[in-house]
Asker: 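Sharing a structure, written as structure tokens. Questions coming.
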Amino acid sequence: MESSPIARRSFSRWACLIGLLACSLSAPLLLAVDLTAKVAWENVSGSSETTRKNKDVVVWLTPSDPDSAPSRQLSPAPLTLIQRNKSFEPHVMVVPVGSVIQFPNRDPFFHNVFSLFEGKRFDLGLYEAGTSRNVHFDKPGVSYIFCNIHPEMSAVVIALTTPFHAKSDSQGKIAIFDVPPGRYRLHLWYEAAMPEELDAMTREITVADDSSNLGVLSLKFSSLAKVHKNKYGQDYEPPNPGNPAYVRP
């Protein structure tokens, strides 16, 4: 018996679907890649100095095709940048855009955390020991963070729209995990670099099964300390023993 036109069309649709499924199953499966790299410094003498500078070099990848960018995943746990012993812990943080960071004061004196230069701009004002303030990092960028009372305190928060990032360890090793194959733009940041140096190191890369090693990242070390002003754009005043907010034990 001859089949009806409707039955023939239905059979054709199912045949097409089965053919597409067979093609997809026979196509090579593209697996995510773990990328590695190593930091190497130019003009550095002394192993202790090299080890100190190896840490906190940040590398991240942004997909060349914006439509292929994965959705951001915010951390379920609170993020914390602690003030303790007149320093920030950790010194460098990399967070997804949209993250909220707590700034608890665990010193026995006042702090005034601020960032007015790049990235997220904020001023948390003067707050005492045992209290905390929050900042919403709602846009991408590098935020240089200081205390208006203690000039020796500094930290950096890098807010990114990509999950493909890593910080170097004390040996200068970098590992970015589970990167899908494709074209990416590689970005690099480290504290001793000038903006033009960082721009010059940005480049296009292709991630594939046979390209898991990014090689050696050769960086120029600068021993010049970056001097910053207080939140009013002025030099820091010497500590005033009569003002408890400015006590430096």
Side-chain angles (χ1 to χ4, degrees), residues 55-63 66 69-107 110-168 174 176 185-199 201-202 225-236 245:
K55 290 184 62 177
D56 294 337
V57 175
V58 180
V59 175
W60 68 95
L61 306 176
T62 54
S71 59
R72 299 189 304 270
Q73 297 293 325
L74 297 182
S75 172
L79 301 175
T80 304
L81 194 55
I82 300 171
Q83 302 151 75
R84 181 163 46 203
N85 299 324
K86 290 186 291 185
S87 65
F88 289 103
E89 303 173 9
H91 179 63
V92 175
M93 288 186 71
V94 183
V95 303
V97 169
S99 297
V100 175
I101 298 181
Q102 301 174 351
F103 288 82
N105 181 0
R106 296 183 182 171
D107 274 325
F110 286 81
H111 285 303
N112 181 178
V113 180
F114 74 97
S115 179
L116 302 176
F117 302 96
E118 298 180 35
K120 177 72 175 183
R121 298 182 175 225
F122 60 89
D123 178 4
L124 300 185
L126 200 66
Y127 61 105
E128 62 186 351
T131 60
S132 183
R133 300 288 188 272
N134 293 344
V135 177
H136 181 207
F137 288 82
D138 54 353
K139 65 177 183 177
V142 181
S143 301
Y144 294 88
I145 299 169
F146 304 103
C147 175
N148 197 53
I149 303 172
H150 307 100
E152 65 269 42
M153 293 178 63
S154 68
V156 181
V157 171
I158 303 176
L160 300 177
T161 58
T162 172
F164 310 124
H165 59 79
K167 288 194 303 181
S168 61
I174 296 171
I176 306 177
R185 195 161 181 81
L186 182 147
H187 306 264
L188 190 145
W189 175 92
Y190 66 100
E191 199 164 11
M194 300 299 291
E196 54 270 21
E197 291 180 63
L198 300 177
D199 290 340
M201 287 185 285
T202 301
K226 292 184 178 180
V227 179
H228 66 275
K229 304 290 186 179
N230 65 16
K231 68 180 184 180
Y232 304 110
Q234 301 172 352
D235 292 333
Y236 279 78

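Just so it is clear, the structure is predicted and the values come from calculations on it, not from any experiment.
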Asker: What is the minimum heavy-atom distance between M201 and L188, and which atoms define it?
Answerer: CE-CD2, 3.8 Å

Asker: Taking the side chain as C-beta and beyond, is there a heavy-atom pair between R133 and V135 under 4.5 Å?
Answerer: no

Asker: For G233 and K229, which heavy atoms make the closest approach, and how far apart are they?
Answerer: C-CB, 3.6 Å

Asker: Taking the side chain as C-beta and beyond, is there a heavy-atom pair between T62 and L160 under 4.5 Å?
Answerer: no

Asker: Measure the shortest side-chain to side-chain distance between V113 and F88 over non-hydrogen atoms and say whether it is less than 4.5 angstrom.
Answerer: yes

Asker: Output, in order, the C-alpha distance, side-chain angles, deciding distance and verdict of side chain to side chain contact (heavy atoms under 4.5 Å, CB included) for N148 and D123.
Answerer: CA-CA 9 Å; N148 197 53; D123 178 4; over 6 Å; no

Asker: Please check if the side chain of T80 supplies one atom and the backbone of I82 the other of a donor-acceptor pair under 3.5 Å.
Answerer: no

Asker: Run V94 and W60 through side chain to side chain contact (heavy atoms under 4.5 Å, CB included) and show every step you take.
Answerer: CA-CA 10 Å; V94 183; W60 68 95; over 6 Å; no

Asker: Search all heavy atoms of S132 against all heavy atoms of Q102 and return the closest pair with its distance.
Answerer: OG-CB, 4.1 Å

Asker: I need the minimum non-hydrogen distance between I174 and K167, along with the two atoms involved.
Answerer: CG1-C, 4.5 Å

Asker: Could you give the distance from CG (N230) to NE2 (H150), rounded to the nearest 0.5 Å?
Answerer: 13.5 Å

Asker: On a heavy-atom basis, which atom in H91 and which in E191 lie closest, and how many Å separate them?
Answerer: NE2-OE1, 2.7 Å

Asker: Is the shortest side-chain heavy-atom distance between R106 and E89 below 4.5 Å?
Answerer: no

Asker: Taking atom CG of L81 and atom CG of N134, what is their separation to the nearest 0.5 Å?
Answerer: 12.0 Å

Asker: Once the angle between the rings of F146 and F114 is folded into 0 to 90°, is it parallel (under 30°), tilted (30 to 60°) or perpendicular (over 60°)?
Answerer: tilted

Asker: In this structure, which one of T202, V59, I176 forms a side chain to side chain contact (heavy atoms under 4.5 Å, CB included) with L186?
Answerer: V59

Asker: If you measure from CG on L124 to CG on N105, what distance do you get to the nearest 0.5 Å?
Answerer: 11.0 Å

Asker: Between F103 and F122, how do the two ring planes meet: parallel, tilted or perpendicular, split at 30° and 60°?
Answerer: tilted

Asker: Salt bridge between D138 and K120, side-chain N to carboxylate O under 4.0 Å?
Answerer: yes

